[in-house]
Amino acid sequence: MARESLASKRERAATIEERMYAHYGPGEASLDYRTPFELTVAVVLSAQCTDAAVNKATPALFAAYPTPQTLAQADPADVAGLIRSLGFFRSKAKNLVALAQTVMADFGGEVPADVDLLQKLPGVGRKTANCVMCEAFKDPQGIAVDTHVFRIAHRLKLAGPSADTPQKVEDILLKVYPRDQWGYINHQWVHFGREFCRARSPRCADCIVGDLCPTRGRW
DNA sequence: ATCCCGAGGG
DNA sequence: CCCTCTGGAT
């Protein structure tokens with residue numbers, strides 16, 4: 001079987017993206033998070049818990065602490081009380097207060113629109129920084145390739161067997177997908193990976209992109 | 001039981 | 001490289 005051309009791969013990826021978008025939407029950016037600060041907080045909170053849980057907790061959180069200034073002065077225990085239904089709430093609360101303090105002390109009260117500076121914020125690593133760049137600043141800097149993205153890229157054969165490291169997978173995906181869709185990958189694939197393309201016992205039979213998947217049913 | 005939109009720390 | 005932090009969904 002001949003290797004699929006980049007053009008063909010791009011075409012297939014575009015159809016896959018249409019399905020994913022229809023199913024999962026564009027991500028946090030579609031919600032009421034008006035400022036980079038709010039969106040950054042929401043993305044930090046999203047780790048290890050559902051979007052629904054985050055969306056339920058954030059209104060009270062932002063009512064109490066609408067700005068980096070106010071959050072910087074908060075007691076982490078009070079913040080923890082507002083996000084108790086989320087996972088890792090104590091460490092998240094501590095990180096969020098420290099994050100606000102860092103924003104005030106080092107970045108003039110504004111969340112920085114820079115993928116490296118963002119990672120100076122407590123609780124913000126590569127993945128979160130990527131999401132914030134995509135969703136808050138509409139300036140995607142890449143695709144964070146975690147185990148889910150890695151697995152899905154290989155199953156969909158968007159990245160071939162020679163793409164044996166996360167960096168290689170990312171390089172390929174950045175060529176396959178247009179830049180303005182990079183942010184969607186981070187958001188949508190995680191949900192897709194949980195609902196259909198699970199590590200074990202994936203739901204190939206009713207998968208929303210099963211007809212576009214070269215390895216359908218092989219897992 | 002097992003997994004999840006990770007990141008920090010030893 | 002390993003561990004820890006956490007509730008919720010399935």
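In what follows, every chain begins at residue 1, and chains take the letters A, B, ... in the order their sequences are listed.
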Please work out if A:R84 contacts a base, only the sugar-phosphate, or nothing of the nucleic acid, heavy-atom cut-off 4.0 Å.
sugar-phosphate
Of the listed B:dA7, C:dC5, C:dG8, the closest approach to the A:S91 side chain comes from C:dC5
Residues A:D146 and A:R151 bridged, charged N to O under 4.0 Å:
no
Counting the atoms with a prime plus P, OP1 and OP2 as sugar-phosphate, which does A:D51 contact under 4.0 Å by heavy atoms, base, sugar-phosphate, or nothing?
base
Out of B:dG6, C:dA9, C:dT6, minimum distance to the side chain of A:A47 belongs to B:dG6
What is the distance, to the nearest angstrom, from the CD atom on A:E195 to the C1' atom on B:dC4?
14 Å
Among B:dA7, C:dA9, B:dC5, which nucleotide has an atom closest to any side-chain atom of A:T128?
B:dA7
Whole angstrom value for the distance that separates P of C:dT4 from NZ of A:K92
19 Å
Ring-on-base stacking between A:F88 and B:dG6, under 5.5 Å between centres and under 30° between planes: is it there?
yes
Could you check whether A:D106 pairs with A:K120 (Lys NZ or Arg NE/NH1/NH2 to Asp/Glu carboxylate O, under 4.0 Å)?
no
Nearest-nucleotide comparison on DNA chain B, the residue closer to the 5′ end among A:S46 and A:Q119:
A:S46
Once you round it to whole Å, what is the distance between P of C:dT10 and CZ of A:R203?
11 Å
Are any of A:R194's side-chain N or O atoms less than 4.0 Å away from OP1 or OP2 of B:dC5?
yes
Going by distance alone, is a donor N or O of one side chain under 3.5 Å from an acceptor N or O of the other, for A:Y24 and A:E195?
yes
May I ask you to verify if any side-chain N or O of A:R90 is less than 4.0 angstrom from the OP1 or OP2 atom of C:dT6?
yes
Once you round it to whole Å, what is the distance between P of B:dC5 and CD of A:E135?
14 Å
Length of the line joining A:I83:CD1 and C:dG8:C1', which is rounded to integer Å
15 Å
Report the distance from atom CZ of A:R126 to atom C1' of B:dC5, rounded to the nearest whole Å.
14 Å
Return the minimal non-hydrogen interatomic distance between A:K127 and A:V190, and the atom names on each side.
NZ-CG2, 3.8 Å
Could you walk me through whether A:D139 and A:R179 satisfy the salt bridge (Lys or Arg N to Asp or Glu O under 4.0 Å) test, starting with their C-alpha distance in whole Å, then the side-chain angles of each, then the deciding distance to 0.1 Å, before giving a yes or no?
CA-CA 9 Å; A:D139 184 22; A:R179 189 184 180 102; 3.4 Å; yes
What integer distance in Å separates A:H191:NE2 from C:dA9:C1'?
13 Å
Between P of C:dT6 and CG of A:N95, the distance in whole Å
11 Å
B:dG6 OP1/OP2 closer than 4.0 Å to side-chain N/O of A:Q48:
yes
